[in-house]
Amino acid sequence: MSQSHYRPEMSRPEANHAELYRDPAIFDEEMDKIFHATWVYVGHASEVPNPGDYKTSFIGRVPVIMSRDMAGQIHVIANRCTHRGSTLCAREFGHAESFTCPYHAWTFRLDGSLEAVGLPRGYNEGELDYAGLGLPAAPRVGSYRGFVFASLNPDVRDFDTHIAAAKKYIDYYCDLSPTGEITVGRTGIYKHRYRGNWKAQLEGSVEGYHVWHNHRTAIDIMSRFLPIMKQYQNLPMKAYDLGFGHNIIENYTLTDAQVHERWPAEFIDMLISAHGRERAMNALRHRFNIVLFPNMAILEYHVRVIRPLAADLTEVRQYHTSMVGAPAEMNLRRVREHEFFYGPGGAGGPDDLATFDRIQQGMEAHTAPWVLFNRGLKSEETTADGLRAGHHTQETQQRAPYYEYRRLMEGKAPAPSRIRLAAAG
């Protein structure tokens with residue numbers, strides 16, 4: 001095995017070395033040791049609603065297909081013909097009764113098993129192993145509330161354990177629907193690239209420190225409709241390390257009175273009728289950004305998927321979400337508020353993309369080799385549930401993914417969980 005370019009001294013709680021953001025060899029190691037070793041988000045069940053529907057995605061560098069077979073079961077299989085290697089599906093979304101390679105017409109069922117080959121009479125007896133030439137399936141697939149994750153590592157930790165601390169926030173998110181169901185990407189998808197490392201977006205998806213400065217125009221406009229935003233930097237909000245690289249930042253938590261200011265009374269009553277008061281109010285009160293390490297974030301209006309392409313190139317896809325069963329005007333409101341901040345001409349998202357480009361340029365300044373994450377480290381608390389916690393404008397949430405990052409990059413066994421959950425889910 002070749003010598004690792006990553007060294008333990010390159011990352012510690014208070015700082016990362018800039019080489020982690022610019023070295024192509026370290027990027028290659030991240031693909032193998034992180035993306036090909038842990039749970040990675042591949043899609044949402046609503047993106048393949050019907051038998052025969054499929055979505056293409058990636059687990060690190062590995063192209064995959066998330067398909068729904070005729071029995072309704074979801075599969076995650078390699079998007080690679082087992083004959084000569086061509087990808088089978090070129091589009092991100094589609095519908096098919098089977099997958100046929102354009103090169104030699106090898107055909108695979110929706111579960112990945114080999115169904116037929118082109119010109120089969122050219123093969124001699126014993127040259128084709130139909131049972132052994134199906135599309136390789138991800139060894140592990142897990143899902144929660146429709147969010148589908150897969151791992152190429154058969155020995156990865158149990159999925160329910162992996163996302164246990166995140167479940168209540170996913171519940172809050174989905175419970176804004178009176179049916180408890182959401183659709184992902186059906187109401188729009190933004191795709192963009194930036195000239196920078198994937199970890200800049202991982203960190204930036206839960207960044208509270210920059211909001212007051214980098215998004216001041218958006219804050220000023222939002223404050224007209226949501227006065228609480230005028231005090232953004234002083235709000236008593238927290239950010240948490242949820243373990244296993246996951247983290248969350250509370251953007252705001254509304255009081256009952258503020259819930260009624262933000263949401264129409266009819267919508268509030270609809271959710272209370274559907275879920276009960278406590279569950280409905282939890283969904284209505286909380287706005288947050290949550291990262292599920294290493295490639296996915298859930299924000300108020302979209303699911304964000306981070307796809308690393310090179311040490312200095314990243315693709316980000318933002319899949320807008322809608323609430324099944326909610327009034328049409330509420331879902332339209334979600335679209336408009338999303339466009340305001342994240343659209344190509346939005347008041348917030350483009351700020352981040354420009355900053356990520358500038359961050360990557362700055363990484364070439366060898367005279368200043370460290371990226372700092374020490375804001376709030378000395379005052380960081382541990383909650384009764386075992387979570388690291390800090391103020392939402394500090395950097396607890398930026399430090400969080402790197403505990404898991406260091407473990408995976410150094411090849412260490414998982415440490416016993418620090419997190420105590422009495423009733424997850």
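Keep in mind that this is a model prediction, so the values were computed, not measured.
Heavy-atom neighbours of E329 CD from other residues, nucleotides or ligands within 6.0 Å: above the threshold of 12. Under a cut-off of 6.0 angstrom, the local environment of CZ in R358 is sparse, with at most 12 non-hydrogen atoms contributed by other residues, nucleotides or ligands. Within 6.0 Å of OH on Y103 lie no more than 12 heavy atoms contributed by other residues, nucleotides or ligands. Other residues, nucleotides and ligands contribute at most 12 non-hydrogen atoms within 6.0 Å of the CD atom of E278.
For S322, the side chain to side chain donor-acceptor pair (under 3.5 Å) partners two or more places apart in sequence, or in a different chain, are T187. Remark: Y54 engages F99 in a ring pair (Phe, Tyr, Trp, His ring centres under 6.0 Å) (not counting sequence neighbours).
Between the side chains of T396 and E380, at least one donor N or O lies within less than 3.5 Å of an accepting N or O. One side chain, T321 or Y173, offers a donor N or O that lies under 3.5 Å from an acceptor on the other. H391 and R375 form no side-chain donor-acceptor contact under 3.5 Å, judged by distance and modelled atom types alone.
We find that R287 and E250 are not joined by a salt bridge, their nearest charged nitrogen and carboxylate oxygen being 4.0 Å or further apart.
R399 places a side-chain N or O within 3.5 Å of a backbone atom of F373 that can act as its donor or acceptor partner.
To the nearest 0.5 angstrom, R193 atom CZ is 5.5 Å from L313 atom CG.
By the 30° and 60° cut-offs, the orientation of the rings of H44 relative to F147 is perpendicular.
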